[in-house]
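The structure appears right after this line, and notes come after that.
Residue numbering restarts at 1 for every chain, and letters A, B, ... go by the order of the sequence lines.
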Protein chains: 2
Amino acid sequence: MPVLVMKFGGTSVANLDRIRRAAKRVGVEVAKGYDVIVIVSAMSGKTNELVNWVGETSPLYDAREYDAVVSSGENITAGLMALTLQEMGVPARSWQGWQVPLKTNSAHSQARIEEIPTDNITAKFGEGMKVAVVAGFQGISPEGRITTLGRGGSDTTAVAFAASFGAERCDIYTDVDGVYTTDPRICAKARKLDKIAFEEMLELASLGAKVLQTRSVELAMRYKVKLRVLSSFEEQSDEAGTLVCDEEEIMESNVVNGVAYSRDEAKMTLISVADRPGIAATIFGTLSEAGVNVDMIIQNISEEGRTDMTFSCPTDQVARAEQALLAIKDQGELNYAELVADTEVAKVSVVGIGMRSQSGVAAKMFKILSDEGVNIQVITTSEIKISVLIDRKYMELAVQSLHDAFELEKA
Amino acid sequence: MPVLVMKFGGTSVANLDRIRRAAKRVGVEVAKGYDVIVIVSAMSGKTNELVNWVGETSPLYDAREYDAVVSSGENITAGLMALTLQEMGVPARSWQGWQVPLKTNSAHSQARIEEIPTDNITAKFGEGMKVAVVAGFQGISPEGRITTLGRGGSDTTAVAFAASFGAERCDIYTDVDGVYTTDPRICAKARKLDKIAFEEMLELASLGAKVLQTRSVELAMRYKVKLRVLSSFEEQSDEAGTLVCDEEEIMESNVVNGVAYSRDEAKMTLISVADRPGIAATIFGTLSEAGVNVDMIIQNISEEGRTDMTFSCPTDQVARAEQALLAIKDQGELNYAELVADTEVAKVSVVGIGMRSQSGVAAKMFKILSDEGVNIQVITTSEIKISVLIDRKYMELAVQSLHDAFELEKA
């Protein structure tokens, strides 16, 4: 039998009624002849409650105990989903991570999947079981302790199962009906994409489009797992949602396929830094050790042996960055006049695999923003993406203008 | 190091503050030099919530999935307790049932413990860990699936650990401060017992005194585990609570040590049953197959080849008993004129190991009740117990009169 993986997020299993609705969707796929592996999240809100209890108990908690506590939400949903399917007459049983066993490394609370043996579940399919319900987000370490895969880890669980079982497709059921050209809450003309390439989805996911966890897209790309994102709240056809797939499967594509944004960016500038070899290594080595995720970097032209160095990082890491840079200044390892943090900025990006073969996209983007009077503060590019840092108050305007000018509302 | 087992029930770990208070008690024992095994229940209310979800999902549920769902509450508490102890500077870690592994048979939702290997936890004690926090109520079946031990199963978990590890004592922390001569809510003169014999506790537990699960007392008696019941809400000395122990350890004991009662009893009478060999086997065989727990049985003197047969059973099993007996009447296997159910009765019992060596206790009990005008409907006795079924409205009066007359308020 072909295998299908179906993943239901927290809002899709938020209560017994929604679990029943999700189970009906599973039943439809079973009726088509699939052996189905269902990956479930915890009921929405449950994991946050557990995370808060751990934080209240122990601010600097033992990650092994954190994992033992926060993984329990998924176990509840897995059992209830199996019971619901049985009640509908569909042979099903639940698996907790350690029962599969989904083997991970020992990096508790951020563990990486190492192996998913398939014999256990495949044997049950052979005995007539139609659905294996697996608790997402969790695994077991070489020491036999429970691990979790980080927030959103159930997406990664689903893709890893699809890769291990050679599944025909991995359907991610969520509270939106697919991947959009941009956020419909900001731009009314946003259009749902029928297909999107892995590389594009990866850029969008890492740029803050929260439909899929970045790691799950990376994994799907590496193992060529067809990934479909669709809503658990609508009647579904085989063509519903958005298919995330290899770019070869997409016949025609716009040059730009999506406009992404992120509000949580801060711009930091070190004014008048001594411009000598190794200075960038000192600054960004220090920030990396302090756990600051630096995104964009810009260095001004040097005057009289001194320069300004600008970088962006998430807003909630500004204090940590300031502390780290002040410390090395005090220790005499770095000399600068001033450190200026601007948290009133936002990042806006255009993404599209068509950029590879078409030039002039960056120029067009800058022109559009310029026409709207939006000043660009920092620029970064990749092969299929151009990002700019701008004043936050222009963020919505920039997204809408770019969406219009690149005609993203047209398929 | 000597090992101590401490078990905390649901009200003792109902929230983070109470977990902290319980952890402090554990810290006190660690400071005395014990290696401590802590058994935790789910936060009060959690297990009921999970049981209800399962029942709503599937009225005739798969007990294996039931176990997977309802066992999760204990996992949460175990992790939080370990974190709390670590936060206090006490080296601790949590174990879920399958990690120990606490091996049970496959009787899901009512599983029996088969083995608790000690090597895993003992090795950690050897490495300097001071507290092993174990999720109560759960184990793992030979098939590798999660099992639960039935309601109140955490008491049994605690005693089984104490037996396996040769613990010096098993302390059961609960919301009452010990075992009383009778229910203080009914009899203001009720006195807390410092010691009670296993056999007496077993009778009291099975008669409805809900302090300890019956199975845990059986297990403690078989393996001679010293069991102490005490409150988690009071400052404790070494002599606090009630010690449940071998009768040899109790120097002097009253003839009667406790008065127990049960409201949930019904009296059923089959009127005019043919009195022939095998008729009792037919009746009680049928009831047993229907899952009716018959307690007391009385058969009247036969007249003209017919007799009345009376028995008692829990109130909530009356409908089931009626159905079963009507069915065999319809099939012609049993002939009776009428089946009368009286749910307005209660059972009152006096318990004491001193009865073994002192006669006249039954006569004294009947005289006391007679003096109060209480009519006795059914009587059963064991070596250390006399139970009577009476009109429910006299229950409190009977308990108080017996407590007074046997002078249970005096040590």
Side-chain angles (χ1 to χ4, degrees), chain A residues 15-17 19-20 23 42-43 46 49-50 52-88 91-101 120 124 133 135 138 140-141 143-146, chain B residues 15-17 19-20 23 42-43 46 49-50 52-88 91-101 120 124 133 135 138 140-141 143-146:
Chain A
N15 54 47
L16 301 186
D17 270 345
I19 291 174
R20 230 167 272 139
M43 292 172 169
K46 279 283 158 195
E49 180 183 55
L50 297 170
N52 290 342
W53 282 346
V54 169
E56 264 189 70
T57 299
S58 177
L60 297 167
Y61 52 76
D62 176 346
R64 294 166 299 189
E65 300 298 344
Y66 169 94
D67 283 355
V69 172
V70 302
S71 59
S72 59
E74 280 73 11
N75 294 345
I76 295 170
T77 329
L80 293 175
M81 175 63 86
L83 286 166
T84 307
L85 287 162
Q86 290 177 359
E87 195 65 15
M88 288 165 45
R93 73 157 270 197
S94 72
W95 267 268
Q96 299 186 2
W98 60 272
Q99 289 177 313
V100 173
N120 197 334
K124 289 287 170 191
V133 185
Q138 58 179 256
I140 181 169
S141 75
E143 296 78 28
R145 301 201 65 174
I146 292 167
Chain B
N15 54 48
L16 301 186
D17 271 345
I19 291 175
R20 229 166 272 138
M43 294 172 168
K46 279 283 158 194
E49 180 183 54
L50 297 171
N52 290 341
W53 282 345
V54 169
E56 264 189 70
T57 299
S58 179
L60 297 166
Y61 52 75
D62 176 347
R64 295 166 297 188
E65 300 299 345
Y66 169 96
D67 283 355
V69 172
V70 303
S71 59
S72 59
E74 280 74 9
N75 294 345
I76 295 170
T77 329
L80 292 175
M81 174 64 84
L83 286 166
T84 307
L85 287 161
Q86 290 177 358
E87 196 65 13
M88 288 164 46
R93 74 156 270 198
S94 71
W95 268 269
Q96 300 187 2
W98 60 272
Q99 289 176 314
V100 173
N120 197 335
K124 290 287 168 190
V133 185
Q138 58 179 256
I140 181 169
S141 75
E143 295 78 27
R145 302 202 64 176
I146 293 167

Per-residue contact mode, B:Arg145 against chain A (heavy atom under 4.5 angstrom):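 Both parts, backbone and side chain.
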
Part of B:Leu80 within contact of chain A (heavy atom distance under 4.5 Å):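 For B:Leu80, backbone and side chain are both near chain A.
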
Check whether any side-chain heavy atom of [X] sits under 4.5 Å from a side-chain heavy atom of [Y], and report yes or no.
X: B:Ser58; Y: A:Met88; result: no
X: A:Val69; Y: B:Asn75; result: no
X: A:Ile76; Y: B:Leu50; result: yes
X: B:Glu87; Y: A:Pro59; result: yes
X: B:Ser72; Y: A:Gln96; result: no

Polar side-chain atom of B:Gln86 near backbone of A:Tyr61 as donor-acceptor pair, under 3.5 Å: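 No; judged by distance alone, with no hydrogens or angles, the pair does not exist.
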
For B:Tyr66 against A:Leu83, the heavy-atom pair lying closest together: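 Between these two residues, the closest heavy atoms are N-CD1, 4.5 Å.
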
B:Ser94 to A:Glu65 - nearest heavy-atom pair and separation: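 Nearest pair, atom of B:Ser94 first, then A:Glu65: OG-OE1, 2.5 Å.
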
Interface residue of largest heavy-atom contact number with chain A, from B:Thr84, B:Ile19, B:Asp62, B:Val54, under 4.5 Å: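 Max contact count across the listed options: B:Asp62.
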
Chain B heavy atoms under 4.5 Å from [X]: which part of the residue, side chain, backbone, both or neither?
X: A:Leu85; result: neither
X: A:Glu49; result: side chain
X: A:Arg64; result: neither

CG-OG1 distance between A:Leu16 and B:Thr57, expressed to the nearest 0.5 angstrom: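 Reported to 0.5 Å precision, the distance equals 4.5 Å.
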
Gap between atom CG of B:Asn15 and atom CD of A:Glu56 - 0.5 Å precision: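 Taking CD in A:Glu56 and CG in B:Asn15, the distance rounds to 10.0 Å.
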
